[in-house]
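To start, the structure itself, in structure tokens.
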Amino acid sequence: MAKRIRLGILTPSSNTSLEPLTQAIISQLPNVSVHFSRFTVVKISLDDDGLGQFQTEKIVEAARLLADANVDMIGWSGTSSGWLGFQADEMLCEAITTATGIPATTSVLALNRAARGLGIKELGLVTPYTDDVQTAIVETYATIGIDCSKERHLGISKNSAFADVSEPSLDDMVASVAAMDIKAISTFCTNLYAAQRISYWEKEYDIVVLDTVVTVIWDMLRHCGVDSTVIKGWGRLLSSA
């Protein structure tokens, strides 16, 4: 009998999308379970209140609760280092492992690993974020040689509202970016209910879609030695890993 693997996911308190999506994906793996811990995130903005939500110690406190469950790995299912800088996630993962002894990753660091592995130098960006946050993400990706200038965003800052973005709206945004002669797109927000559309978009536009709910799962499964290729219906990243 295969060893049971427990994945621990750190979740923004106002997020209502990533948990059902993650559970649905993991349900195809009978020996893997996923467990969640929340910390306060209510808005995405570049003001002091918005940035202060992502203080390392607050997130590490939530990670310690996952450690009580003896999880095999901890993942931050969030995109904050897109505007804070990738070093924020690198430092967070180090702090989590120091505090718990458990390896850690994040949606964004996993996205970057996937992009490197696929040789992606141009990544379309679909988000619900405000203009200044979107600009910050584009600038952050430029620091690692990835052009995210082909993008669409909705100008929303209230985190709970991201989950209310409809499938037709997401379909329109992805179609618009895909029409810009691009081969890879990221739906870059873990409170977008988007991952269930990945396979459709990939087939319709002949692109790779790197959704940030999926990337962290992909990276955690890889690290834990779990074959994700048995997962079907959630895009090429998992099914061809």
Side-chain angles (χ1 to χ4, degrees), residues 10 12 18 41 43-47 50-51 53-54 56 59 75-94 104-157 159 162 165 170 173-192 194-195 198 201-202 205-220 222 235-238 241:
L10 294 162
L18 79 83
V41 178
K43 68 176 181 177
I44 301 301
S45 69
L46 300 185
D47 61 24
L51 298 177
Q53 298 169 120
F54 300 102
T56 296
I59 308 176
W76 160 221
S77 191
T79 54
S80 52
S81 70
W83 54 93
L84 297 175
F86 302 135
Q87 71 279 2
D89 271 5
E90 292 164 358
M91 293 171 61
L92 174 62
C93 289
E94 290 177 6
T105 188
T106 76
S107 291
V108 172
L109 295 181
L111 170 61
N112 296 351
R113 290 186 187 105
R116 282 196 301 273
L118 294 168
I120 292 169
K121 296 297 183 183
E122 189 177 36
L123 181 66
L125 206 59
V126 170
T127 88
Y129 302 135
T130 54
D131 293 349
D132 56 348
V133 171
Q134 191 83 347
T135 297
I137 297 168
V138 173
E139 291 173 348
T140 299
Y141 269 92
T143 68
I144 60 169
I146 295 180
D147 179 1
C148 290
S149 60
K150 295 176 179 177
E151 55 84 18
R152 288 291 182 268
H153 60 285
L154 293 172
I156 305 171
S157 61
N159 197 68
F162 301 160
V165 177
L170 289 168
M173 294 171 77
V174 170
S176 177
V177 177
M180 298 179 190
D181 188 25
I182 196 125
K183 296 301 182 185
I185 291 175
S186 177
T187 40
F188 194 90
C189 170
T190 63
N191 201 20
L192 287 178
I198 293 173
W201 294 327
E202 290 185 333
Y205 305 113
D206 190 24
I207 56 173
V208 173
V209 178
L210 301 176
D211 177 84
T212 48
V213 170
V214 172
T215 56
V216 70
I217 298 169
W218 167 80
D219 203 23
M220 295 173 81
R222 285 173 66 241
R236 298 176 189 173
L237 182 65
L238 289 171

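Of all non-hydrogen atoms in Trp83 and Ala136, the two that sit nearest each other are CB-CB, 3.8 Å. Heavy atoms only, all atoms of each residue included: Phe86 and Leu109 are closest at O-CD2, 4.2 Å. Smallest separation of non-hydrogen atoms from Ser176 and Arg152: OG-NE, 3.0 Å. Taking all atoms of both residues into account, the shortest heavy-atom contact from Ile120 to Ala184 is CD1-CB, 3.6 Å. Contact record, Ile182 with Gly124: CD1-N, 3.3 Å, taken as the closest heavy-atom pair. Residues Gly82 and Phe188 come closest through the heavy atom pair CA-CZ, 3.9 Å.
Taking 4.0 Å as the cut-off between side-chain N and carboxylate O, Asp206 and Arg236 count as a salt-bridged pair.
Side-chain contact check for Tyr141 versus Leu111: some heavy-atom pair is nearer than 4.5 Å. No side-chain heavy atom of Trp76 sits less than 4.5 Å from a side-chain heavy atom of Val108. Counting only heavy atoms from C-beta outward, the side chains of Phe162 and Ile44 approach each other to under 4.5 Å. By the 4.5 Å heavy-atom criterion applied to side chains, Phe54 and Leu84 are counted as neighbours. Considering only heavy atoms from C-beta on, Pro12 stays 4.5 Å or farther from Asn191 through its side chain. With a 4.5 Å cut-off on side-chain heavy atoms, Pro128 and Leu192 count as touching.
Distance check: Ser81 OG to Met91 CE gives 12.5 Å after rounding to the nearest 0.5 Å. Rounding to the nearest 0.5 Å places CD1 of Ile156 at 10.5 Å from OH of Tyr129. With values rounded to the nearest 0.5 angstrom, Thr56 atom OG1 is found 10.5 Å from Glu94 atom CD. Note: Leu123 CG to Cys148 SG = 4.5 Å, rounded to the nearest 0.5 Å. For the atom pair OG of Ser80 and CD1 of Ile59, the computed distance is 6.0 Å after rounding to the nearest 0.5 Å.
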Report the C-alpha distance between Cys93 and Thr106 in whole Å, list the side-chain angles of each, state the deciding distance to 0.1 Å, and finish with yes or no for side chain to side chain contact (heavy atoms under 4.5 Å, CB included). CA-CA 8 Å; Cys93 289; Thr106 76; 3.7 Å; yes
Verify side chain to side chain contact (heavy atoms under 4.5 Å, CB included) between Leu238 and Ile198, making sure each step is shown before the conclusion. CA-CA 11 Å; Leu238 289 171; Ile198 293 173; over 6 Å; no
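Side-chain atoms of Thr190 come within 3.5 Å of backbone N or O of Ser77 as a donor-acceptor pair. Remark: the backbone N or O of Met220 is not paired with any side-chain donor or acceptor of Thr105 at under 3.5 angstrom.
Not counting sequence neighbours, Asp89 has no partner by the salt bridge (Lys or Arg N to Asp or Glu O under 4.0 Å) test. Annotation: salt bridge (Lys or Arg N to Asp or Glu O under 4.0 Å) contacts of Arg113 (sequence neighbours excluded): Asp219. Among residues two or more places apart in sequence or in another chain, the salt bridge (Lys or Arg N to Asp or Glu O under 4.0 Å) test is passed with Asp47 by Lys43. Not a single salt bridge (Lys or Arg N to Asp or Glu O under 4.0 Å) links Asp131 to another residue, sequence neighbours left out.
Identified under the side-chain hydrogen bond (donor to acceptor under 3.5 Å, both in side chains) test for residues 116-127, with sequence neighbours left out: Glu122-Lys150, Thr127-Gln134.
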Run the side-chain donor-acceptor check on residues 207-217: report pairs under 3.5 Å with partners two or more places apart or on a different chain.
unit_1: Asp211; atom_1: OD1; unit_2: Thr187; atom_2: OG1; d: 2.6
unit_1: Asp211; atom_1: OD2; unit_2: Val213; atom_2: N; d: 2.9
unit_1: Asp211; atom_1: OD2; unit_2: Val214; atom_2: N; d: 3.4
unit_1: Thr212; atom_1: OG1; unit_2: Thr187; atom_2: O; d: 3.4
unit_1: Thr212; atom_1: OG1; unit_2: Cys189; atom_2: N; d: 3.1
unit_1: Thr215; atom_1: OG1; unit_2: Ser107; atom_2: O; d: 2.9
unit_1: Thr215; atom_1: OG1; unit_2: Thr212; atom_2: O; d: 3.4

